A.B. asks: 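Input: one structure, supplied below.
Predicted model only: the values in this text are computed from it and were never measured. The first residue of the sequence shown is numbered 1, and numbering continues consecutively from there.
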Amino acid sequence: MGSEENDLLKGVDWKTVGNAANESSGAPVIKKRLPKKIRQVPDYYFLPRRSLPSAVAIYGACIAAGIGAGMLIEVWVKKKIKEDGGIIWEKNKD
């Protein structure tokens, strides 16, 4: 069955088939050049771009919040140490 299909296409002149399609339109074939793809590399990858004043305000507030949280934790730890009598842990309990 497969050999019958090959026999049908065996006598076809492929050069004339391709040229017949081009000549039938009558107009010369103009190959359009596609523009080269220009890669736009962003200045940033992970953080959104903001204006300088808003960036300073937002990131400054985040840093200040982190420092404030650290200070509160330090005060809480010192308070717990005073309540427990000043001993954090004992290595040798005998």
Side-chain angles (χ1 to χ4, degrees):
M1 290 184 203
S3 62
E4 293 175 6
E5 293 175 9
N6 290 339
D7 293 337
L8 294 174
L9 301 175
K10 194 172 192 179
V12 176
D13 186 13
W14 292 105
K15 292 181 182 178
T16 58
V17 171
N19 290 337
N22 290 341
E23 292 174 3
S24 63
S25 63
V29 177
I30 299 173
K31 291 185 179 181
K32 293 183 180 180
R33 291 180 60 188
L34 296 174
K36 288 185 178 180
K37 192 173 186 178
I38 299 172
R39 183 171 178 236
Q40 295 178 353
V41 179
D43 295 336
Y44 58 92
Y45 285 97
F46 303 111
L47 298 174
R49 187 172 193 96
R50 301 182 186 277
S51 66
L52 186 61
S54 68
V56 169
I58 290 172
Y59 300 132
C62 291
I63 291 170
I67 292 172
M71 292 171 73
L72 287 175
I73 290 173
E74 183 182 3
V75 169
W76 178 77
V77 168
K78 285 184 179 181
K79 180 181 171 188
K80 288 293 181 182
I81 290 173
K82 282 184 182 179
E83 288 176 2
D84 292 341
I87 299 172
I88 299 174
W89 70 81
E90 293 180 6
K91 278 188 167 182
N92 298 328
K93 266 191 167 178
D94 290 324

A.B. asks: Test of understanding: clusters of I, L, V, M, F, W, Y form through side-chain heavy atoms closer than 4.5 Å, transitively. Do Ile81 and Ile73 belong to the same one?
C.D. replies: yes
A.B. asks: Establish whether Leu52 and Ile58 are linked, either directly or via other cluster members, by ILVMFWY side-chain heavy-atom contacts under 4.5 Å.
C.D. replies: no
A.B. asks: Is there a path of hydrophobic side-chain contacts, each under 4.5 Å between heavy atoms of I, L, V, M, F, W or Y residues, that connects Ile63 with Met71?
C.D. replies: yes
A.B. asks: Taking only residues two or more places apart in sequence, or in another chain, which ones meet Ala57 in a side chain to side chain contact (heavy atoms under 4.5 Å, CB included)?
C.D. replies: none
A.B. asks: Evaluate the side chain to side chain contact (heavy atoms under 4.5 Å, CB included) criterion for residues Glu74 and Lys78: first the C-alpha distance (whole Å), next the side-chain angles of each, then the deciding distance (0.1 Å), finally the verdict.
C.D. replies: CA-CA 6 Å; Glu74 183 182 3; Lys78 285 184 179 181; 3.6 Å; yes
